[in-house]
K.L.:
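What follows is a structure written as structure tokens; I'll ask about it next.
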Amino acid sequence: MTSTATPRAGRDHAPGPRAPAPAPARRRRRDWWGYLYVLPALAVYVAFALRPIGETAYTSLFEWDGLTLATWVGFDNYTELFESGVLQSTLGHSLVFLVFYALLPTAVGLVIAGLMTRIRIRGLALFRSVLFIPQILSSVVIAVAWRWIYDLGGPLNAVLDAVGLGALTRAWLGDFDTALVSVGLIGTWVQFGLCMMLFLAGAQRIPRELYESARIDGAGAIREFFVVTVPGLRTELRIALVLTSIFALRNFDIVWNTTAGGPGTSTTVPSVYVYEGAFLTREVGDAAAVAVVLTLFILVVVGAVMAGLRDRDAAR
Amino acid sequence: MTRRRDAVVSHALLVLASLVALYPFLSILMLALNEPGRRLSGFALPENPSLGNFTNAWERGGFSDALVSSLIITGTVVVVAVLLSVLAGYALGVLDLPLAKVVVGVFLLGLVMPYEATVIPIYHQMKDWGLLGTYPAVILPQIAFSVALGTVWMRGYFGSIPATLREAGMIDGAGRMQVLRHILLPVAAPAVGVLATLLFLYTWNEFLLGLVLLSDNPEARTTPVALSFFAGNRRESDPGTTAAAAVLVALPVLIAYIVAQRKFVQGLLAGAVKE
């Protein structure tokens, strides 16, 4: 018995280091075959998303009207856009929209969620469904609705008239002084519900003990908000800021369907410039250059948000 | 005492926020329900509610064609993108592929890329192929962006399924495709549903690609593009008809939302940033 057992044990042991050696080699060769599953998605993605981005960057180095032969100009499109002030002005409008579309709804959502950490909310599901409605509507529908609200004969001016502020009434989207802020507030309206619900859902997961110990330390509501609620919502803050920032910086649909960049160029953002340059004024190289700058700008902002609000336990 | 006051204040705030969220849609609904051609202002409620504006908008705006276009485009994009995303997400999340991290990183890039960065070459490409004004012109680029989100999403989901589950299948001698179809996909059905809902919403509401690639052909325009043209043509429409058109365009999505609220809410909360 022992004599048969020993060789068996020996055999079990001996191939041990050797047996796995061919296995990974074989598996690795087979694993490339697994890419057959990835190939269809990757092919479409490369052909209709990645490659066009490269072509846009290449086009930005030419002077081109979209029809005749293009002329190589190197980085001239970029320097001209900078010297004429187009880049600064369109990106400046984007920064204003970043405040209205991203920072403001995040702040509103955070404060409201902070107020509600101490209580149980009844009918949360219903509130959530209603607060999400701005997110699901087409931006063209949103633009039509707000054009009416801001209209000379619309509800906003009617309210101002009714409370004796008739002097303030105006066509809000057609006025150089108010167009940018008016379009900005549409974005605040689109995003505040999403932010609120993200933070309310996140706040439910903050351990109660943290609040109790803060209260034992004598923290008031405001201190509690900054010491417990805000740090506890790190992940939700990051999600909210990334989503709303991308929306703020792209923002073609709402601007195009409310003001189309006007009056003058007072609400022209990079995406509107890209559309106009590429398809209306036929300065395709300029438009491509703005598209490249916009893309880089989005990457920088998203990267900054991700880096600034990284999970503390980044073990994942 | 303060607790009770907190509760009242909080619920009042939620009600107020809900009214703010609802008001713009309600305001165009009220506007649309007025009799056609009536001079309107401010908060006036419709005195003699009428559907006249809706029939006018429907007839003049070409919305029946637009609805068909939107259904075909959205349906194709969602089905194809979900299928491709499930396959790619499965391979990248479960099979031990070499360089998987790099490939996933490349897909992640697609989550932040704007259509603005691709629309110029895509327009010229489609023009060369003679596809301007046809469905494939918008379907192909929308699938491309959708599979970026979808692959990242499905990979995250498949990766979170316990390995023991699929190993049980492997031991039974099932191939990779069988493991996916018979073991993983049934478990992943809810995640696939949320993904499909999210892609439906994005595709249905997409505007820039439709505007650039479909404008030439009124019959192929999607509902947002048709509405944009209809609302922009001030001579042809008064506020009441424009509002009615906007309500008509919003209706299919609102109905889908009421039917599948939970999926929508989950999708929007999880958002485009799973990573």
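Proteins get letters first, then strands, A, B, ... in listed order; numbering begins at 1 in each. This one's a predicted model, so the numbers in the text were calculated from it and none came from an experiment.
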K.L.:
Go through the atoms of B:Leu99 and report whether side chain, backbone, both or neither lie under 4.5 Å from a heavy atom of chain A.
P.N.:
both

K.L.:
Keeping B:Asn205 on the side-chain end and A:Ile136 on the backbone end, is there a donor-acceptor pair under 3.5 Å?
P.N.:
yes

K.L.:
Just how far is it from atom CG of B:Leu201 to atom CD of A:Gln135, taken to the nearest 0.5 Å?
P.N.:
8.5 Å

K.L.:
Might you point out which heavy atoms bring B:Val15 and A:Phe127 nearest each other, and give the distance in Å?
P.N.:
N-CE2, 3.9 Å

K.L.:
Would you confirm whether B:Tyr257, through its side chain, and A:Leu137, through its main-chain N or O, come within 3.5 Å as a donor-acceptor pair?
P.N.:
no

K.L.:
Keeping the roles fixed (side chain from B:Arg176, backbone from A:Tyr37), state whether a donor-acceptor pair exists under 3.5 Å.
P.N.:
no

K.L.:
Is the closest side-chain heavy-atom distance between B:Trp204 and A:Ser138 below 4.5 Å?
P.N.:
no

K.L.:
Taking every non-hydrogen pair under 4.5 Å, which of A:Val190, A:Leu200, A:Leu294, A:Asn257 racks up the most with chain B?
P.N.:
A:Asn257

K.L.:
With chain A as the partner, which of B:Phe145, B:Phe107, B:Tyr115, B:Tyr123 has the greatest number of non-hydrogen pairs under 4.5 Å?
P.N.:
B:Phe107

K.L.:
If I compare all heavy atoms of A:Thr56 with all of B:Ala117, which pair ends up nearest, and what's the gap?
P.N.:
OG1-O, 2.5 Å

K.L.:
Locate the shortest heavy-atom distance separating B:Glu116 from A:Val274; write the atom from each residue and the value.
P.N.:
O-CG1, 3.9 Å

K.L.:
Look up atom OH in A:Tyr35 and atom CG in B:Leu92, then write down how far apart they are to the nearest 0.5 Å.
P.N.:
6.0 Å

K.L.:
Please table the atom pairs, donor to acceptor, closer than 3.5 Å between any side-chain atom in residues 45-54 of chain A and protein atoms at least two apart or in another chain.
P.N.:
unit_1: A:Tyr45; atom_1: OH; unit_2: B:Val106; atom_2: O; d: 2.6
unit_1: A:Tyr45; atom_1: OH; unit_2: B:Gly110; atom_2: N; d: 3.0
unit_1: A:Arg51; atom_1: NH1; unit_2: A:Glu55; atom_2: OE2; d: 3.4
unit_1: A:Arg51; atom_1: NH2; unit_2: B:Gln125; atom_2: OE1; d: 2.7

K.L.:
Could you tell me which portion of B:Val119 (side chain, backbone, both or neither) has an atom closer than 4.5 angstrom to a non-hydrogen atom of chain A?
P.N.:
both

K.L.:
Which heavy-atom pair separates B:Phe207 from A:Asp253 by the least distance, and what is that distance?
P.N.:
CB-OD2, 3.4 Å

K.L.:
Between B:Leu95 and chain A, with a heavy-atom cut-off of 4.5 Å, which part of the residue counts as in contact: side chain, backbone, both or neither?
P.N.:
side chain

K.L.:
With a 4.5 Å limit on heavy-atom distance, are the side chains of A:Asp151 and B:Pro239 in contact?
P.N.:
no

K.L.:
Hey, are the side chains of A:Val38 and B:Leu97 touching, using non-hydrogen atoms and a 4.5 Å cut-off?
P.N.:
yes

K.L.:
Where does the angle between the aromatic ring planes of A:Trp64 and B:His124 fall among parallel (under 30°), tilted (30 to 60°) and perpendicular (over 60°)?
P.N.:
tilted

K.L.:
What's the spacing between A:Leu126 CG and B:Ser18 OG if we round to 0.5 Å?
P.N.:
7.0 Å

K.L.:
Name the member of B:Val249, B:Val147, B:Thr118 that forms the most heavy-atom pairs with chain A at distances under 4.5 Å.
P.N.:
B:Thr118

K.L.:
Would you check if B:Val20 and A:Phe192 make a side-chain contact, meaning some heavy-atom pair closer than 4.5 Å?
P.N.:
yes

K.L.:
Would you mind telling me which of A:Trp146, A:Tyr58, A:Phe252 has the largest number of heavy-atom pairs within less than 4.5 Å of chain B?
P.N.:
A:Phe252

K.L.:
For B:Gly232 and A:Arg147, work out which heavy atoms get closest and say how close.
P.N.:
N-NH2, 4.5 Å

K.L.:
Among A:Ala57, A:Pro40, A:Ala43, A:Ser129, which residue forms the greatest number of heavy-atom pairs with chain B at distances under 4.5 Å?
P.N.:
A:Ser129

K.L.:
Using non-hydrogen atoms only, which part of B:Tyr90 is less than 4.5 Å away from chain A: side chain, backbone, both, or neither?
P.N.:
side chain

K.L.:
Do you know which of A:Leu299, A:Val141, A:Val302 has the most heavy-atom pairs with chain B at a distance under 4.5 angstrom?
P.N.:
A:Val141

K.L.:
Are side-chain heavy atoms of A:Leu36 and B:Leu87 found at a separation under 4.5 Å?
P.N.:
no

K.L.:
Answer yes or no: does atom CZ of A:Arg122 have more than 12 heavy-atom neighbours from other residues, nucleotides or ligands under 6.0 Å?
P.N.:
no

